[in-house]
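Just follow the structure's listing: the first ligand is 1, and inside any ligand the first atom is 1.
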Amino acid sequence: MLADDLRTLDAGEVYTDTPTLEHYSTDASLFRMAPAVVVAPRSVDDLKKLVQCVVKKQASGENVSLTARAAGTCMSGGSLTESVMVDFTKHFNTIGEVEGEAEGTPAIAAEPGVYFRDLEKVLNEHGLMFPSYPASKELCAVGGIVSNNSGGEKTLAYGKTAKYVRELHVVLSDGNEYVIKPLTAAELEQKEALPTFEGELYRHLHQLIDLHYDIIESARPKVSKNSAGYALWDVWDHKTFDLTKLITGSQGTLGFVTKAKLGLVKPKPYRRLFIVYLKDIHHLASLTEEILTFKPESLESFDDHTFKLAVRYFPSLLGHMHANMFTLGLRFIPDLLRMLFRGVPKLTVLIELTGEQTTELDERVGKLADMLHREQVPHHIARTEGAMEKYWAIRRESFNLLRHRIKNRQTAPFIDDIVVRPETMSEFLPRLSRILDDYKDLMDYTIAGHIGDGNFHIIPLMNLHDPESRAAIRKLANEVYTLVFEFGGSMTGEHNDGLMRSPYLEQMFGPTVCNLFKQVKDLFDPHGIFNPHKKVGGNLEYSFAHLKQ
Ligand SMILES: Cc1cc2nc3c(=O)[nH]c(=O)nc-3n(C[C@H](O)[C@H](O)[C@H](O)COP(=O)(O)OP(=O)(O)OC[C@H]3O[C@@H](n4cnc5c(N)ncnc54)[C@H](O)[C@@H]3O)c2cc1C
C-alpha cells in the first residue's frame, strides 16, 4: 500500500525488493532494522511532495515516517528505520564552486549525497581542506557529516563540523525549503514577523531560548566536543541567532538537509609526526597536558590490540593506502622489528605538529623531543608524507578492519565515543579499565581515540549470538555512561545519539533539558514525521529489540 502510494506520488524511485531492503537495514551500528520502503528522490520538489504526503498520512492515523540516509556509516543507528528510508546518495550529489578564496573566507556548497572522498578531490585541487572530516572519510557523505556533527583527527585544532557550516538549505515539515544561516538581531525580527511556519518557528524558538537561557547555558557539555542532544546552547548569544547550530548534529530529526555551504581552511604547509610508544597508561593524563602545550594539530592514539590487528591484516590495510604495496610494505619493516624486540606498546600516540615555516616548526619539534627524552618516553619522528601515512592508516582504518575482518565475533559499538576532560583522564581511565575488566570473558576490545580531546572510541568484539553477551551490552553501557556522567563528560563526542544513545539523554542532561529538546522537536516536526526514536522518544526496549544477531 505505502509503496504503491509513493509510486503514484512520483517523488523519486521507489524500492521494495529484498536485496535493497536488506542493504538498507544496517549501518555501522549494533542494530538491524529493515525499512518498509526505500525512496531515492530526484529533486527538492520530490522531497517536498514526500513530506506533504507523509504529513497527510500521519494526520489520517497511518504510522509513517521519513528517515534520511547519506552513506549509511552511522555508528549509532541514526540512519535506520522501519518506515520510509530516503536515500540522498543517488541524486543529491552536486558539488558547487569554491567561493570566497580571494577574500580569505573559502567555502563550498555540496549536496548531502556527495561522498566526502569526491569533495576532498575538489578541495585538494584548490589546496583547501574541510578540517572536520571523520576517520570514515573514504566512506561517508556530506549529509551524514553535517547531521552527525562529525569530527576527526583535526578537531583538536580546528573544531567540529558545526563550526564550518555557513548555510543550510533544509526542507521542513511544512513541505517547504528554507535557507538557514546566522541572523543578526534585526534579521531575526524580520523573520519573526513572517505570518508563516518559518515565522512561527523563529518566534517560538527565540522565546523558548530566552525563557530558559540559564538552564540551557548550564546544560552546555563541559568537554571540548559533543554530539549529544540538540545544541540549543549555541543558537543565540543575544547578537546572532544561528539555527545552523541546531540543525547540524540533529540526525535528520528536524528536517531534510538539501544543501550545505561549508567553510574551508588552507592547511599548514609543513608537518611532522611524533610516534610515541607507551608501555602503560599511568602517566597518560599528565603527558597529554604537557603535549598540549606544544599546540599539536592532532593528538591521537591507538592501543596494542589495534596495532596487532593492523599487523595481522596487513595486506588489507595497505589496500586502503592507495599506493605501491611493495614500497609501503618495506616502510613497515622498522615497526615490525621494533615489535619483535621491544614488544607491542600498550598505547601508540600520534602527535602532529604543523607550521607555516620549517624553522619555527622544527624549533617546536626539538622542544617536544627534549621533553619526551626528559620524561624517558620512547618515540621517533616521521618527517615525510610516506613515513607518516602508515600510522594514519592504522588509526583511521582500525574500526573498518574490525568490522570486516574478524570472524565469529562482531564489532559492537555502544561505548564507542565517550569524552571526558583530558585533565580527568588519570582518574577516569583506571576506573573505566576496572569496569571493562569485569566483562573480559565476554569480549575483547580495541581503544583508539582523540586523546587531545579526551575522546575515546572503545570497540568491543562480541559474539552477538550469545544471550549472555547480548545482555551484557546494556549492563556495560549503563555502567560506562554512569561513570562518564559522574566525570561531567559526554557519551558522544562525534558519533551522535541515534538508537543507541537517545535513551540515555535524560540521564546525561536531566528531565528539564530533555523537555526543552522535546519542545524543539515539536516546534519543527509537530506531526513526528522525521526520524522517530532519535534524540526525542529514544527507548532502550525498542532499540534493543533490533539488536543485530
Ligand atoms: C570506519 C568508521 C570510522 C568512523 N569514524 C568516525 C569519526 O572519526 N568521526 C565521526 O564523527 N564519525 C565517524 N564514523 C561514523 C560516521 O561515519 C560519521 O558520523 C559520518 O559522518 C556519517 O556519514 P554518513 O554519510 O554515513 O551518514 P548516515 O549514516 O547516512 O547518516 C547519519 C545521520 O545523518 C542523518 N542524515 C543523513 N543525510 C541527511 C540529510 N540529507 N538530511 C538530514 N539528515 C540526514 C541520518 O538520518 C542519520 O541520522 C565512523 C564510521 C565508520 C564506519
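- Here the closest non-hydrogen pair linking Leu47 and Pro41 is CD2-CG, 3.7 Å.
- Remark: Glu99 engages Lys261 in a salt bridge, criterion side-chain N to carboxylate O under 4.0 Å.
- For Glu120 and Lys137, the salt-bridge test passes: some basic side-chain N is under 4.0 Å from an acidic carboxylate O.
- With values rounded to the nearest 0.5 angstrom, Ser301 atom OG is found 9.0 Å from His450 atom NE2.
- Atom 46 (C) of ligand 1 has Ala68 O, 3.1 Å as its closest protein atom, hydrogens excluded (heavy atom only).
- Contacts with ligand 1 closer than 4.0 Å are made by side-chain heavy atoms of Asn531 only, the backbone lying farther away.
- Counting only non-hydrogen atoms, the option in Pro112, Ala260, Ser136, Gly151 that gets closest to atom 4 (C) of ligand 1 is Ser136.
- The shortest separation from a heavy atom of Ile145 to ligand 1 is under 4.0 Å, placing the residue in contact.
- Closest of all the heavy-atom pairs between Met491 and Val484 is N-CG1, 4.3 Å.
- Contact record, Ser543 with Leu499: OG-O, 2.7 Å, taken as the closest heavy-atom pair.
- Listed by number with element, the atoms of ligand 1 under 4.0 angstrom from any heavy atom of Ala28 are 53 (C).
- With distances taken over non-hydrogen atoms, the option nearest atom 44 (N) of ligand 1 out of Ser147, Gly72, Ala70, Ser29 is Ser147.
- Looking only at atom types and distance, the side chain of His204 has no donor-acceptor partner in the side chain of Gln519 under 3.5 Å away.
- Close approach to Cys74 involves these atoms of ligand 1, each under 4.0 Å from a residue heavy atom: 29 (O), 32 (C).
- Distances below 4.0 Å separate heavy atoms of Val257 from the following atoms of ligand 1: 40 (C), 41 (N), 42 (N), 43 (C).
- The residue from Gly498, Pro134, Ser227, Ala448 that puts a heavy atom closest to atom 7 (C) of ligand 1 is Pro134.
- Atom CG of Asn148 and atom OG1 of Thr492 lie 8.0 Å apart (nearest 0.5 Å).
- A side-chain donor from one of Asp453 and Ser224 sits under 3.5 Å from a side-chain acceptor of the other.
- At a 3.5 angstrom cut-off on N or O pairs, Gly78 counts as close to ligand 1.
- The single protein non-hydrogen atom nearest to atom 18 (C) of ligand 1 is Ser150 OG, 3.7 Å, given as residue, atom name and distance.
- Backbone and side-chain nitrogen or oxygen atoms of Met75 are examined, and none is located within less than 3.5 angstrom of a nitrogen or oxygen of ligand 1.
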Between Tyr164 and Tyr158, does the ring pair (Phe, Tyr, Trp, His ring centres under 6.0 Å) criterion hold? Intermediate values first, please. CA-CA 9 Å; Tyr164 295 92; Tyr158 287 98; 7.1 Å; no

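- Atom 12 (N) of ligand 1 has its closest protein heavy atom at His495 CD2, 3.3 Å.
- Within the structure, the closest approach of Ser250 to ligand 1 does not fall below 4.0 Å when heavy atoms are considered.
- Scanning the protein heavy atoms around atom 19 (O) of ligand 1, the nearest turns out to be Asn148 ND2, 3.0 Å.
- Taking NZ of Lys154 as the start and CD of Glu352 as the end, the distance is 4.0 Å to the nearest 0.5 Å.
- When heavy-atom distances to ligand 1 are checked against a 4.0 Å cut-off, Ala71 comes that close through both its backbone and its side chain.
- Looking at Thr73, Leu80, Asn455, Thr258 and measuring to atom 26 (O) of ligand 1, the nearest heavy atom belongs to Thr73.
- Of the protein's non-hydrogen atoms, Arg403 NH1, 3.4 Å is the one closest to atom 53 (C) of ligand 1.
- Side-chain N/O atoms of Asn149 and Glu494 include no donor and acceptor closer than 3.5 Å.
- Short contacts between ligand 1 and Arg69, defined as distances under 4.0 Å to a heavy atom of the residue, involve ligand atoms 30 (O).
- For ligand 1, the atoms closer than 4.0 angstrom to any heavy atom of Cys140 are 20 (C), 23 (O), 24 (P), 25 (O), 26 (O).
- Within ligand 1, the atoms closer than 4.0 Å to a non-hydrogen atom of Phe256 are 42 (N), numbered from 1 in the order shown.
- Less than 4.0 angstrom separates some heavy atom of Gly255 from each of these atoms of ligand 1: 43 (C).
- In summary, Asp45 and Lys49 do not engage in a salt bridge, as defined by a charged side-chain N under 4.0 Å from a carboxylate O.
- Closest to atom 31 (O) of ligand 1, if we only count protein heavy atoms, is Ser79 CB, 3.8 Å.
- For atom 8 (O) of ligand 1, the closest heavy atom belonging to the protein is Ala135 N, 2.8 Å.
- Contact record, Ser83 with Ser65: OG-N, 2.9 Å, taken as the closest heavy-atom pair.
- Comment: Lys163 does not engage Asp234 in a salt bridge, judged by the lack of any side-chain N to carboxylate O separation of less than 4.0 angstrom.
- Remark: minimum distance from atom 2 (C) of ligand 1 to any protein heavy atom is reached at Phe399 CD2, 3.4 Å.
- Each of the atoms 43 (C), 44 (N) of ligand 1 lies under 4.0 Å from some heavy atom of Gly252.
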